[in-house]
Amino acid sequence: MSADIIRKPTGGVKIRPHLTDYAAECRNFSWAAARAAIDGLPDGGLNIAYEAIDRHVQTGRGAHIALRWLDKQGAAHDFSYFRLRELTNRFANVLTDLGVGRGDAVFALMGRIPALYLSALGTLKNGSVFCPMFSAFGPEPIHQRMSIGQARVLVTTAALYARKVVGLRASLPDLAHVLIADLDAHAPAPEGTQNLQTLMAQASDTFTIAATQPEDLALLHFTSGTTGRPKGAMHVHEAVIAHQATAGYALDLRPEDVFWCTADPGWVTGTSYGIVAPLVIGATMLVDEQEFDAERWYRTLQNEGVTVWYTAPTAIRMMMKLGAERVRQYRYPDLRFMASVGEPLNSEAVIWSNAAFGMPFHDNWWQTETGGIMIANFAACDVKPGSMGRPLPGIEAAIANLDEAGRLVFVTEPGEQGQLVLRTPWPSMFRGYLNEEARYRKCFIDDWYLTGDLARRDEDGYFWFVGRADDVIKTSGHLIGPFEVEDVLMEHPAVAEAGVIGKPDPVAMEIVKAFVALKPGVKADEALRMALLAHARKRLGAVVAPKEIDFLPALPKTRSGKIMRRLLKARELGLPEGDTSTLEENA
Ligand code: ATP
Ligand code: MG
């Protein structure tokens, strides 16, 4: 937390960023005005897909590239807004022709191929509910999600169907249609499925978008499963108002941008900001079918002229591991803004990126439940490395604790820690956990939403992530957030990743224990362990510094790359690991 502030220039920039007067924007903002900035359907109603596609065609921007898709070989395929309108109309007609209607659940299981994007937006046009699943899920998490969500339709590929779905059919009674997306229009589809390309080719390319209302269900998103079984968060069409507003404020996005969100649509970031937000803004969104590869990413940033880039700490840690020299082998004259989400972004990563790319990653914070970015470091504002930034206009965030009677007691002292709470409502707020009404209700006290994360707010109004309430460590009467310990361990040049837990202890209740993965070529030995312990003690003091450090080849992570501290803890205690459906196979 001690790192120097990264100051932003006050003049001489090519494009004037959003929020140059943060305080005034916050004062003047209203969600009603943001709502008024959205067109809405010509005959009334609000539909995310109309805002994302058709209205741009209506306003004469149909020829602009909406989607630039890079296939596995790296070849680019462009889809204009006009073309996207036509293809999503065809998809919506396919659903209608199959008798799939308003509120029916359409699931997707495929890699980042164009059909995924067409299915998402075509489903919304049809007034059905879209639920994306990460293509690397095995049969169990697929089954779990599709049965909780009562999937009526599944769009997938031939290979994924054969490998993961065919054996589940008998136990998914609601699943009426399986559409195979990657076959030639003339190829026969596997038994019990239909060829999506054939159906699309036969369908009309005009469609009257369902006149959905703001409160109609649009998207079902499962949480990442970092702390336990994933929850199905329900989102409505009104969320598009927040997608539009937050894309401008937190990502500084404009219609001329080439925007690259590296998250897979299987996670909420990959849908809210990997599909909806850039299209609503009218930008060009870049999609890469390939998984992370540092070299390819640098080349893509350079060759595709990416202007705004949104990625995650897990990728940033991997780039850091390979070193800044690799970054500098390419040039990024178009790149204007870089942001990160999903996990705490260590101050070290912010400082590193500022040196390597000539601009820092801007950390921002939100959850599947919030549907959109809530707290962010803004393009126009100074960055405090290690802080997740300040609330967006329209978002009121506070730090509070619960008293014995279960009431909220707000923390007013800067720097004091407590739970991060948000004042309801905002348009993209989730409207429930599917089939878990009691759990949903427990998230609210009065008109505040309890995030389950611990944080601090400093005297300048910047928020600092402390840890998840479940992960907080209680040691000798102190409460310690794992993040501050991890942050300090990450400063050490030998460390690539760190995960910190509380290990039960008869005297102290818990002791701080760290798990560390080292950079390539660094030897894990006793001398290094001592050096790391000494470094942490010097930076954190004896109470907060870890008492034990174990070396691991890699830390267990969710498929979206988040460190799973609950598995480190289970491992430490020799316990069964519980639900590991979101776990990375190779971790
Ligand atoms: P589950 O709720 O199933 O355990 P999850 O909380 O990881 O999984 P998501 O909704 O994908 O599921 O993640 C949101 C959480 O990720 C936040 O509550 C927070 O703990 C963490 N997070 C997201 N962004 C940041 C950030 N910038 N800094 C710190 N933590 C972050
Ligand atoms: Mg969560």
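Both counts, for ligands and for their atoms, begin at 1 and track the order of listing.
- The nearest protein atom to atom 29 (C) of ligand 1, hydrogens excluded, is given as Pro344 N, 3.2 Å; this is a heavy-atom distance.
- Within the structure, ligand 1 has Asp363 among the residues with a heavy atom less than 4.0 angstrom away.
- Under the 4.0 angstrom criterion for non-hydrogen atoms, Val268 is not in contact with ligand 1.
- A donor and an acceptor atom, one from each side chain of Thr226 and Ser224, are nowhere located under 3.5 Å apart.
- The contact set between ligand 1 and Asp453, taken as ligand atoms under 4.0 Å from a residue heavy atom, comprises 17 (C), 18 (O), 19 (C), 20 (O).
- For the ligand labelled ligand 1, residue Phe222 lies outside the 4.0 Å heavy-atom shell.
- In terms of polar-atom proximity, defined here as any N/O pair under 3.5 Å, Pro230 makes no such contact with ligand 1.
- When the options Ala469, Gly342, Gly452 are ranked by their closest heavy atom to atom 24 (N) of ligand 1, first place goes to Gly342.
- Partners of His221 under the ring-ring contact (aromatic ring centres under 6.0 Å, His included) rule, at least two apart in sequence or in another chain, do not exist in this structure.
- In terms of protein heavy-atom proximity, atom 13 (O) of ligand 1 is nearest to Lys562 NZ, 2.6 Å.
- When only modelled atom types and interatomic distance are considered, Thr424 and Asp447 share no side-chain donor-acceptor pair under 3.5 Å.
- Here the heavy atom of the protein found nearest to atom 4 (O) of ligand 1 is Thr227 OG1, 2.4 Å.
- Considering both main-chain and side-chain atoms, Thr368 comes within under 3.5 Å of ligand 1 through a nitrogen or oxygen pair.
- Under 4.0 angstrom from ligand 1, the non-hydrogen atoms of Trp366 all belong to its backbone.
- With a 6.0 Å cutoff to the six-membered ring centre and a 45° limit on the axis angle, Arg457 does not count as a cation-pi contact of Tyr462.
- Evaluated for a side-chain contact (heavy atoms from CB on, under 4.5 Å) with Asn364, the options Leu251, Leu345, Leu392, Ile375 yield exactly one hit, Leu251.
- Between the side chains of Thr370 and Tyr449, no donor-acceptor pair of N or O atoms lies under 3.5 Å.
- Defined by atom type and a distance below 3.5 Å, a donor-acceptor pair is present between the side-chain atoms of Asp453 and Trp365.
- Given atom 5 (P) of ligand 1, the protein heavy atom at minimum distance is Thr226 OG1, 3.4 Å.
- A cation-pi contact, defined as under 6.0 Å to the ring centre and within 45° of the axis, is absent between Arg559 and Phe134.
- When heavy-atom distances to ligand 1 are checked against a 4.0 Å cut-off, Lys231 comes that close only through its side chain, counted from C-beta outward.
- Every N/O-N/O distance between Val341 and ligand 1 stays at or above 3.5 Å.
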Side chains of residues 259-266: which donor-acceptor partners sit under 3.5 Å, not counting sequence neighbours?
residue: Thr262; atom: OG1; partner: Thr311; partner atom: OG1; Å: 2.8
residue: Asp264; atom: OD1; partner: Gly266; partner atom: N; Å: 2.7
residue: Asp264; atom: OD2; partner: Arg112; partner atom: NH1; Å: 2.7

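- A donor and an acceptor atom, one from each side chain of Asp252 and His18, are located under 3.5 Å apart.
- Annotation: Arg571, atom CZ; neighbour count of heavy atoms from other residues, nucleotides and ligands within 6.0 Å does not exceed 12.
- When heavy-atom distances to ligand 1 are checked against a 4.0 Å cut-off, Arg468 comes that close only through its side chain, counted from C-beta outward.
- In this structure, Thr451 has no heavy atom closer than 4.0 Å to ligand 1.
- The single protein non-hydrogen atom nearest to atom 11 (O) of ligand 1 is Ser224 OG, 2.5 Å, given as residue, atom name and distance.
- For atom 26 (C) of ligand 1, the nearest protein heavy atom (residue, atom name, distance) is Glu343 O, 3.3 Å.
- A donor and an acceptor atom, one from each side chain of Ser171 and His143, are located under 3.5 Å apart.
- In the vicinity of Asn364, heavy-atom distances shorter than 4.0 Å reach the ligand 1 atoms 24 (N), 26 (C), 27 (N).
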